Amino acid sequence: MKKYLLFMLICITSVQFVLANSDTQTDDMWKWVAENNYIFEDGIVGTEDMYGFTFLLKSFNKGQYEPVNGNKIQYTLSQYTLDCGKGAYKIGVIDSYGYHGNFISGDYNKYAEFQPIVQGTAVSAVYKKLCRPIY
């Protein structure tokens, strides 16, 4: 009986540890690219009309996102498009999620324009990994 109770205690503790860490960490599908930023590697797609890529970036809130309608944001999922030839990017979709994985808000900008990549950002880290210099 003591062995059974010990086994159950270990199982419950393990489950609690996994659940506690799942709120602050990302799973194996998302790979780290910069502090608090992760890319979904299986979702990287080459663009058809230029030398570039689209990808999803998960950015955890470390104080940069204000609450929306009283809901605190844990992370955003953004769809980026990189133009490797011009060293530029644009954001087409930004969805915000709360601390329980609940959807809070979304924004789709079909008129987004490319802008220069800023060094030291998560986008510049992805650019360096995906884009090869054009000679």
Side-chain angles (χ1 to χ4, degrees):
M1 183 71 168
K2 287 182 182 181
K3 288 182 182 180
Y4 177 74
L5 289 175
L6 181 61
F7 175 75
M8 290 302 292
L9 181 62
I10 291 171
C11 289
I12 291 170
T13 304
S14 298
V15 169
Q16 288 175 338
F17 177 77
V18 169
L19 291 175
N21 287 326
S22 67
D23 286 342
T24 58
Q25 300 297 318
T26 189
D27 57 37
D28 289 338
M29 295 175 13
W30 296 88
K31 302 297 180 191
W32 182 90
V33 293
E35 184 179 358
N36 304 320
N37 290 277
Y38 300 82
I39 191 170
F40 182 62
E41 284 188 322
D42 290 344
I44 299 170
V45 178
T47 55
E48 294 180 13
D49 56 341
M50 65 184 168
Y51 169 44
F53 300 91
T54 62
F55 62 93
L56 289 176
L57 189 71
K58 187 180 215 179
S59 302
F60 283 89
N61 187 5
K62 297 299 178 192
Q64 74 270 32
Y65 305 129
E66 296 291 325
V68 175
N69 297 327
N71 295 304
K72 292 182 179 178
I73 297 173
Q74 180 188 23
Y75 65 91
T76 60
L77 286 180
S78 304
Q79 180 190 32
Y80 284 81
T81 302
L82 286 178
D83 183 334
C84 294
K86 295 181 180 175
Y89 77 98
K90 67 179 178 179
I91 305 172
V93 177
I94 300 176
D95 290 337
S96 301
Y97 293 86
Y99 283 87
H100 301 290
N102 55 312
F103 177 80
I104 293 178
S105 69
D107 186 24
Y108 171 68
N109 185 2
K110 67 180 181 178
Y111 301 111
E113 295 188 18
F114 282 94
Q115 50 193 320
I117 294 172
V118 177
Q119 294 301 314
T121 63
V123 175
S124 70
V126 174
Y127 175 83
K128 290 174 186 174
K129 290 182 187 225
L130 295 179
C131 299
R132 303 289 179 246
I134 300 175
Y135 298 102

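The shown structure was predicted, so the numbers you read here are calculated from the model rather than taken from an experiment. Positions are given from 1, in the same order as the sequence printed here.
- Linking Ile, Leu, Val, Met, Phe, Trp and Tyr whenever their side-chain heavy atoms come within less than 4.5 Å leaves L56 and V93 in two separate clusters.
- Note that the NZ atom of K90 and the CD atom of Q79 stand 9.5 Å from one another [nearest 0.5 Å].
- K72 contributes atom NZ, which lies 10.5 Å from atom NE2 of H100 (distance to the nearest 0.5 angstrom).
- Put simply, the side chain of L82 reaches to within 4.5 Å of the side chain of I117, judged on heavy atoms.
- Ring geometry for Y89 against Y80 counts as tilted: the plane angle lies between 30° and 60°, on a 0 to 90° scale.
- The shortest side-chain heavy-atom distance between N109 and I91 does not fall under the 4.5 Å cut-off.
- Few gaps surround CG on D49; more than 12 heavy atoms of other groups in view lie less than 6.0 Å from it.
- In this structure, a donor-acceptor pair under 3.5 Å is absent between the side chains of S96 and Y65.
- M29 places a side-chain heavy atom less than 4.5 Å from the side chain of F40.
- Nearest approach of E66 to I73, heavy atoms of both residues: O-CD1, 3.5 Å.
- Considering OG1 of T121 and CG of N37, their distance stands at 8.5 Å, rounded to 0.5 Å.
- Between the W32 side chain and the A34 main chain, a donor and an acceptor come within less than 3.5 Å of each other.
- By the rule that hydrophobic residues join a cluster once side-chain heavy atoms approach within less than 4.5 Å of another member, W30 and F60 end up as members of one cluster.
- The CG atom of D83 sits 11.0 Å away from the CZ atom of F53 when rounded to the nearest 0.5 Å.
- Annotation: the span from S59 atom OG to I94 atom CD1 amounts to 9.0 Å, rounded to 0.5 Å.
- Annotation: the span from S105 atom OG to D95 atom CG amounts to 7.5 Å, rounded to 0.5 Å.
- For the pair Y75/N36, no side-chain contact is recorded, criterion being any heavy-atom separation below 4.5 Å from C-beta on.
- Residues Y51 and Y127 are members of one and the same hydrophobic cluster, defined by side-chain heavy-atom contacts under 4.5 angstrom among Ile, Leu, Val, Met, Phe, Trp and Tyr.
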